[in-house]
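The structure appears right after this line, and notes come after that.
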2 protein chains.
Amino acid sequence: MENNDFVKELGYLGFTMRLKRISDAMMHEGRRLYSELDVDIEPNWYVIFKLLKSRGAMSVTEIAESIRMAHPSVIHITNKMTDAGYLISEKDPTDSRKRVLDLSARSVKMLPEYEKIWQAGEKGVEKVLKEHNALELISILEDKFFDKGFKERTLEQLKNKKS
Amino acid sequence: MENNDFVKELGYLGFTMRLKRISDAMMHEGRRLYSELDVDIEPNWYVIFKLLKSRGAMSVTEIAESIRMAHPSVIHITNKMTDAGYLISEKDPTDSRKRVLDLSARSVKMLPEYEKIWQAGEKGVEKVLKEHNALELISILEDKFFDKGFKERTLEQLKNKKS
DNA sequence: TCTTTTTATGTAGTTGACTACGCAAATATA
DNA sequence: TATATTTGCGTAGTCAACTACATAAAAAGA
């Protein structure tokens with residue numbers, strides 16, 4: 001960080017933007033990392049890989065709920081993974097509305113290599129965050145600001161001017 | 001948060017995605033908040049408003065550096081603010097490459113109202129985060145993961161397999 | 001059984017970041 | 001002074017997330 005960072009000067013008002021900047025920066029770093037290692041996957045795919053490996057085949061909506069994402073986002077990600085040959089998509093035989101996704105043979109073959117990278121990334125993050133209770137803070141943020149949290153809290157403050 | 005959140009199960013591996021989810025959620029909440037209050041501004045504009053109010057007129061690149069964003073992003077945001085009548089754009093008389101941006105009369109008129117909202121939002125965030133050293137943690141994240149941080153740390157871990 | 005409601009998926013359109021590249025003006029250098 | 005480099009801005013193209021809406025199948029209810 002440079003010392004002339006205006007967002008930092010804004011205190012708690014700058015919090016959301018700083019959160020976004022860090023998250024965006026890490027995403028872009030992830031993309032650069034993969035491209036430098038010549039690995040043709042994208043950041044965030046790892047969640048789908050891990051999920052399907054752990055739980056087996058799942059439908060679009062099941063995936064969306066498991067990782068708390070809107071279903072169109074899941075469709076977008078998994079379509080790209082399917083195009084890249086990492087996922088297999090099949091109609092559910094008992095419910096023809098559903099589409100069931102699972103890891104392809106290519107995924108099974110490549111996963112060991114990719115998991116090395118993810119483990120290294122995790123270690124790097126862990127080293128920095130272990131002594132700072134970072135996961136605990138993230139949990140609190142999720143509890144307080146997911147869904148209606150931030151808006152409601154602000155409207156509340158606008159009404160009760162006293163505080 | 002629901003209890004069946006797979007990303008949470010991933011430990012430090014899920015950290016970046018959880019960061020992104022929270023930051024996205026807060027952004028969307030912000031948009032909903034403004035629309036509910038019938039205010040025609042967008043999340044993140046507040047940083048530009050605050051910056052120009054505090055520092056006076058600035059060029060595109062100066063703004064980008066002050067808030068640590070890529071300059072095309074700043075152009076994108078400030079163009080929309082200009083279209084909405086909140087900013088004035090003028091060529092720098094001494095350097096014709098530069099374009100200098102400043103708050104319009106409309107901004108000056110509306111700012112007191114908007115600042116009430118931002119103050120309320122800040123209070124809401126502050127209430128939740130005060131006892132958790134959240135700003136300190138954000139600073140650490142910025143120090144460690146901005147720019148080349150995350151990629152370099154991961155590559156390092158990939159080499160030194162021992163740790 | 002026929003109709004209504006719910007569920008699962010998909011598409012379209014919006015927003016907000018980024019990188020890569022191009023162009024023109026200012027500055028530095030030969 | 002002429003050329004080369006740097007700087008400032010802008011555009012194009014990419015990607016990820018969201019909401020709103022559409023469609024079709026399944027489930028529920030009359």
Side-chain angles (χ1 to χ4, degrees), chain A residues 16-32 34-36 41-48 58-65 67-84 89-101 146-147 151, chain B residues 16-32 34-36 40-48 58-65 67-84 89-101 146-147:
Chain A
T16 54
M17 190 172 184
R18 290 170 77 182
L19 218 55
K20 176 152 182 58
R21 287 193 313 189
I22 294 169
S23 133
D24 283 343
M26 289 184 91
M27 173 87 89
H28 288 290
E29 280 289 283
R31 197 176 302 285
R32 269 193 285 270
Y34 286 134
S35 111
E36 210 157 294
I41 61 178
E42 293 182 23
N44 286 354
W45 288 16
Y46 79 93
V47 186
I48 308 288
M58 295 177 82
S59 73
V60 173
T61 304
E62 279 168 348
I63 293 174
E65 283 169 356
I67 62 178
R68 287 183 67 86
M69 264 195 182
H71 82 269
S73 308
V74 172
I75 292 174
H76 188 238
I77 295 175
T78 54
N79 277 350
K80 293 181 71 176
M81 291 178 73
T82 306
D83 292 347
S89 162
E90 276 180 1
K91 275 249 171 286
D92 186 312
T94 67
D95 185 337
S96 69
R97 291 170 306 177
K98 286 191 190 172
R99 192 161 64 91
V100 178
L101 296 165
F146 247 118
D147 302 324
K151 193 191 74 185
Chain B
T16 53
M17 190 172 184
R18 290 170 78 183
L19 217 56
K20 177 157 180 53
R21 289 192 313 187
I22 295 170
S23 133
D24 283 344
M26 289 183 92
M27 173 86 92
H28 288 290
E29 282 287 284
R31 197 178 301 287
R32 269 194 284 270
Y34 286 134
S35 110
E36 212 157 291
D40 76 329
I41 61 178
E42 293 181 24
N44 287 355
W45 287 14
Y46 79 93
V47 185
I48 307 289
M58 297 177 79
S59 75
V60 173
T61 304
E62 279 168 349
I63 293 175
E65 282 169 356
I67 62 178
R68 287 184 66 87
M69 266 195 181
H71 82 268
S73 309
V74 172
I75 291 174
H76 189 236
I77 296 175
T78 53
N79 277 350
K80 294 180 71 176
M81 291 178 74
T82 307
D83 291 347
S89 162
E90 276 180 1
K91 277 248 173 285
D92 186 313
T94 67
D95 186 337
S96 70
R97 292 171 305 177
K98 286 193 191 172
R99 193 162 62 91
V100 178
L101 295 165
F146 248 119
D147 301 326

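Order of the sequence lines sets the chain letters (A, B, ...), proteins ahead of strands, with each chain counted from 1. Keep in mind it's a predicted model, so treat the numbers as computed, not measured.
Interface remark: the A:Arg97 side chain does not form any donor-acceptor pair with the C:dT9 base, using a distance-only criterion of under 3.5 Å. For B:His71 and D:dG8, a side-chain-to-base donor-acceptor distance below 3.5 Å is absent, hydrogens and geometry of angles not being considered.
Between A:Ile75 and B:Ala70, it is A:Ile75 whose nearest contact on DNA chain C lies nearer the 5' terminus. Sequence order on DNA chain D of the closest nucleotides to A:His76 and B:Glu62 puts B:Glu62 first from the 5' end.
Following rounding to the nearest Å, B:Glu29 (CD) and D:dA17 (P) show an atom-to-atom distance of 18 Å. What separates NE2 of A:His28 from P of C:dT19 is a distance of 6 Å, to the nearest Å. The nearest whole Å value for the distance from the NZ atom in A:Lys20 to the P atom in C:dT15 is 14 Å. Atom CG in A:Asn79 sits roughly 13 Å away from atom P in C:dA12 (whole-Å rounding). Between B:Ile41 atom CD1 and C:dG16 atom P the separation is 12 Å, expressed in whole Å. Counting to the nearest Å, the P atom of C:dG16 and the CD1 atom of B:Ile67 are 12 Å from each other. Residue A:Asp24 contributes atom CG, which lies 12 Å from atom P of D:dA16 at whole-angstrom precision. Atom CZ of A:Arg99 is separated from atom P of D:dA25 by 16 Å (rounded to the nearest Å).
Contact check, B:Lys80 against C:dG16: a side-chain N or O comes under 4.0 Å of OP1 or OP2. In this structure, B:Arg32 reaches the D:dT19 phosphate: one of its side-chain N or O atoms is under 4.0 Å from OP1 or OP2. Residue A:Ser73 places at least one side-chain N or O under 4.0 Å from the OP1 or OP2 atom of D:dC18. Under 4.0 angstrom from either OP1 or OP2 of D:dA16 there lies no side-chain N or O belonging to B:Arg21.
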Discussion item. Set out, in order, the CA-CA distance, both residues' side-chain angles and the distance that settles side-chain contact (heavy atoms from CB on, under 4.5 Å) for B:His76 and B:Met69, then state yes or no.
Written reply: CA-CA 11 Å; B:His76 189 236; B:Met69 266 195 181; over 6 Å; no
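Contacts of B:Pro72 with the nucleic acid, taken as non-hydrogen atoms under 4.0 Å apart, include base atoms. Within the 4.0 angstrom heavy-atom criterion, only backbone atoms of the sugar-phosphate kind lie near A:Ser96; the bases stay farther away. Using a 4.0 Å heavy-atom distance criterion, A:Asn44 is classed as a sugar-phosphate-only contact.
Contact detail for A:Ile67 and B:Arg21: the closest heavy-atom pair is O-NH1, 2.9 Å. Of all heavy-atom pairs spanning B:Ser89 and B:Arg99, the tightest one is OG-NH1, 2.9 Å. Heavy atoms only, all atoms of each residue included: A:Tyr46 and B:Thr16 are closest at OH-OG1, 3.7 Å.
Under the side-chain hydrogen bond (donor to acceptor under 3.5 Å, both in side chains) criterion, A:Lys98 pairs with no residue, sequence neighbours left out.
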